[in-house]
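Here's the structure we're looking at; comments come further down.
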Amino acid sequence: LLDKIKDAKIIFVVGGPGSGKGTQCEKVVAKYGYTHLSSGDLLRAEVASGSERGKTLQAIMQKGELVPLDTVLDMIKDAMIAKVDVSKGFLIDGYPREVKQGEEFEKKIGAPCLLLYIDAKGETMVKRLMKRGETSGRSDDNEETIKKRLDLYYKATEPVIAFYSSRGIVRKIDSELPVDEVFGHVAKAIDGLK
Ligand SMILES: Nc1ccn([C@H]2C[C@H](O)[C@@H](COP(=O)(O)OP(=O)(O)OP(=O)(O)O)O2)c(=O)n1
Ligand SMILES: Nc1nc2c(ncn2[C@@H]2O[C@H](COP(=O)(O)OP(=O)(O)O)[C@@H](O)[C@H]2O)c(=O)[nH]1
Ligand SMILES: [Mg+2]
C-alpha cells in the first residue's frame, strides 16, 4: 500500500488560518479529482465522534495549540490508505504545521511534489475567520483563539515554507485576490507538474 502511495502525487497545502486553503482545495477536487484531506477536518471528525481521544483533542484545539504529531499523522495515513486505489493525487490541507511534522510525514508516507503556499495578510485572515465564525460553529473561530492560531502559524508554520523552498517545490499563491483568480494561479501550479 505504501508503494502505491509513493506513485501518487502528494501536494501540501500550507497557509495561515483562514487564508483560503479549504476553499481552494474544494476547487482542485472539482477540476482535477484529487483526494482532499484536511488535517483539521480529520481532527474535528474525531471530536464529533465523542471518543475519549476526541475530548482531549477538542481541549487542545480550543486553545489554538497543536495536537501531538503522531495523532494527526496516523489519521492522515489511514485516510490516504483508504483512498489510494481510487486516487491519482492527494491534497494534504493544513499539514505540515511545523517542520518536524513534514519530516515525519516523509519518513512514514512519502515526499510531496509541490507545496502550495496560500498567502494572505494577517488582517485579512482575521477578518475572514471572524466572518466564518458567524456560521461555522467551530469553537476555535473566536477572536482569542484566532489570535493564538495566527501567532503559532507565524512561529511554527512559516519555517515549513522556508524548509521546502530550498527544494524548489514551493509555489506562493496570493490569496488576497478574488477566489476564482486565486484558483487560476493554483491551477497553473498544478498543471506545471510533470
Ligand atoms: N496538522 C495539524 C492540523 C491541525 N491541528 C489543530 C490545530 C488547529 O488550530 C486545529 C484546526 O486545524 P485547521 O487546519 O482546521 O485550522 P486552521 O484554522 O488553521 O485552518 P482552517 O481555517 O483551514 O480550518 O487543529 C494540529 O494540531 N495539527
Ligand atoms: N474574499 C475572499 N474570501 C475568501 C477567499 N478564500 C476563502 N475566503 C473566505 O475565507 C474564509 C476562510 O476560508 P477557508 O477556505 O475556510 O480557509 P482555511 O482556513 O485556510 O481553510 C471562508 O469564509 C471563505 O469563504 C478568497 O480568495 N477571497
Ligand atoms: Mg480549512
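Atoms within each ligand, like the ligands themselves, are counted from 1 in listed order.
Counting atoms of ligand 2 from 1 in the listed order, those under 4.0 Å from a heavy atom of S175 are 27 (O). For ligand 2, the atoms closer than 4.0 angstrom to any heavy atom of G22 are 15 (O), 18 (P), 21 (O).
R53 contributes no side-chain N or O that, together with a main-chain N or O of T71, makes up a donor-acceptor pair within less than 3.5 Å. In this structure a side-chain-to-backbone donor-acceptor pair under 3.5 Å is missing from E106 to P112.
Scanning the protein for heavy atoms near atom 17 (O) of ligand 2, the closest one is G20 N, 3.1 Å. With hydrogens left out, the protein atom closest to atom 27 (O) of ligand 2 is L177 O, 3.2 Å, a heavy atom. From the protein, the heavy atom lying nearest to atom 19 (O) of ligand 2 is G18 N, 2.8 Å. In this structure, the protein non-hydrogen atom closest to atom 16 (O) of ligand 2 is R132 NH1, 2.6 Å. With respect to atom 13 (O) of ligand 2, the closest heavy atom belonging to the protein is T23 OG1, 3.6 Å.
Residue contacts with ligand 2: G40 is excluded, as none of its non-hydrogen atoms falls under 4.0 Å. Ligand 1 lies nowhere less than 4.0 angstrom from a heavy atom belonging to G64. The closest approach between a heavy atom of G15 and any atom of ligand 2 is not below 4.0 Å.
Taking all heavy atoms of Q24, K127, R128 into account, the minimum distance to atom 28 (N) of ligand 2 is reached by R128. If you check each of D141, T23, L43 against atom 5 (N) of ligand 1, the one with the closest non-hydrogen atom is L43.
The aromatic rings of Y95 and F105 sit tilted relative to each other, their planes meeting at an angle between 30° and 60°.
Counting heavy atoms under 4.0 Å from ligand 2, residue V182 touches it through the side chain alone.
Note: an N/O pair closer than 3.5 Å links R97 and ligand 1 by distance alone.
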